[in-house]
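Take a look at the structure set out below.
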Amino acid sequence: MCLVVGLSTCRAEGEDNQIRVTETTEEEQENHLTETVAEDTETPDQDLQTVAVEASNSGSPEKGCEPSIYMVLKELGALQERQKATVSALEETNRKLEASEKKIDVLNSSLTEMRRTYEGKQHQVAFSAALPTTATIGPVNVLYPLVYKHVLSNIGGHYSPVTGYFTAPVRGIYYFSFSSFCWPGDGTSGGSLYRNENQVVSWYGYTKTAPVSGSNSAILLLQAGDMVNVRLWNGRKISDNGNKYSTFSGFLLSPM
C-alpha cells in the first residue's frame, strides 16, 4: 500500500516535474522566440540606420565636394578665357606699338633728312656783289654804308642787296674781302669793313692824274646774328662802271 502510494506520489511528482519542465521549456522557448523576434525586429532597424548613416556619410562628401570641384573648374575656365583675352589684347597692343614705332622711325628719318638739309643749307653760305653805279659816289659827309646791289651770288640768302649787310646764320669762321676804285681827279677814296659797329680793316687811295684802286680782306669769327658791311669814310669817294671794280664778297669757312 505504501509502495503504491509512493509510486503514485513519485509518478505524480515526476509528471509534475515533467509538466514543470515542459512549462519551463515552453516558457524558455517563448522567451527565446520573443528575444529572437525582438532581435530580428531590431536588426533591420539597426541595419537601416547603419545603411542610412553610411549613405549619409558616404553621400555627404560627394555632395559637398561636387559643387566645389565644379566651381573650381568653372573659375579655371573663366581664368583661361580672361588670359586668352589678355593675350589677344597684348598682341594687338604690340602690333599697334610696332606700327607706331615704324611711323616714328619714318618720321625720325624725315626729320633727320630735313635737319641735314637745313644744316647743309646753313653751312652753304657765300655771296658776292658789286656797286650799282657807273659814276662816283661821294664825297659823303657821313660814315656811309655802301649797298652793293649788283648781286653776283647769294648762296643761303644771308646778304641783303637792300641794306648792304651780311648777317651770319651760324657761329663760325668767315672770310670777307672788298675792293674799291676811284677815277683820276676825283680826290681821295677810303673806307672800312665793319663787324656790327666795330671797324675791322680799311682801304685808302689818293689820286690826281691816274685811277686808284684799293682792297682788303679779313677772316672773322662771327656769332650767329653778327652783321658785316662796308662803309665809305666821311669826305671820301668811290667809283665804278660796267666792269664792276668795286665789290664786296664773303663766305663761311667753317661752322663752330
Closest non-hydrogen atom pair between [X] and [Y], with its separation:
X      : Y      : value
Leu232 : Gly190 : CD1-O, 3.1 Å
Tyr159 : Asn154 : O-ND2, 2.9 Å
Asn229 : Pro145 : ND2-CB, 3.7 Å
Ile155 : His158 : O-CD2, 4.4 Å
Gly205 : Val212 : CA-CG2, 3.9 Å
Gly242 : Thr134 : N-CG2, 4.2 Å

| Check: Asn196 side chain, Asn198 main-chain N or O, donor-acceptor pair, under 3.5 Å | no

| field | Side-chain donor or acceptor of Ser213 paired with backbone N/O of Phe181 under 3.5 Å | value | no

Out of curiosity, [X] [atom1] to [Y] [atom2], how far, rounded to the nearest 0.5 Å?
X      : Y      : atom1 : atom2 : answer
Glu101 : Asp105 : CD    : CG    : 7.0 Å
Glu113 : Asn108 : CD    : CG    : 13.0 Å
Lys103 : Ser110 : NZ    : OG    : 13.5 Å
Gln83  : Leu76  : CD    : CG    : 9.5 Å
Ile238 : Asp240 : CD1   : CG    : 7.5 Å
Leu146 : Ser180 : CG    : OG    : 9.5 Å

| remark: Hits for salt bridge (Lys or Arg N to Asp or Glu O under 4.0 Å) against Glu92, two or more places apart or cross-chain, chain-then-number order -> Arg95

| query | Of all residues at least two apart in sequence or in a different chain, which pass the salt bridge (Lys or Arg N to Asp or Glu O under 4.0 Å) check with Glu197? | reply | Arg231

| request: Go through the side-chain N and O atoms of Ser189 and Trp203 and say whether any donor and acceptor fall under 3.5 Å apart. | output: yes

| said: Under 3.5 Å, is there a donor on one side chain and an acceptor on the other for Ser217 and Ser177? | reply: no

| Worked verdict on Asn234 versus Val142 for side chain to side chain contact (heavy atoms under 4.5 Å, CB included) | CA-CA 5 Å; Asn234 183 16; Val142 293; 5.7 Å; no

| query | Can the ring centres of Phe248 and Phe178 be said to be less than 6.0 Å apart? | reply | no

Are [Y] and [X] connected into the same hydrophobic cluster when the rule is that any two of I, L, V, M, F, W, Y join if their side-chain heavy atoms are below 4.5 Å apart?
X      : Y      : answer
Val201 : Leu222 : yes
Tyr206 : Val140 : no
Tyr144 : Val147 : no

Non-hydrogen side-chain atoms of [X] and [Y] separated by less than 4.5 Å:
X      : Y      : value
Leu143 : Tyr194 : yes
Glu75  : Val72  : no
Val228 : Leu193 : yes
Val200 : Leu220 : yes

| request: List for me each residue that meets side chain to side chain contact (heavy atoms under 4.5 Å, CB included) alongside Leu221, sequence neighbours excluded, and say none if there are none. | output: Arg171, Ile173, Met256

| request: List in chain and number order the residues that pass side chain to side chain contact (heavy atoms under 4.5 Å, CB included) with Leu152, two or more places apart in sequence or in another chain; answer none if no residue qualifies. | output: Ser128, Lys244

| request: Output the rest of the hydrophobic cluster of Tyr165: all Ile, Leu, Val, Met, Phe, Trp and Tyr residues reachable through side-chain heavy-atom contacts under 4.5 Å, sorted by chain and number. | output: Met227

| message | Angle between ring planes, Tyr245 versus Trp183, binned at 30° and 60°: parallel, tilted or perpendicular? | response | perpendicular

| remark: Residues passing the ring pair (Phe, Tyr, Trp, His ring centres under 6.0 Å) test with Phe166, sequence neighbours excluded, are Phe127, Tyr174, Phe176

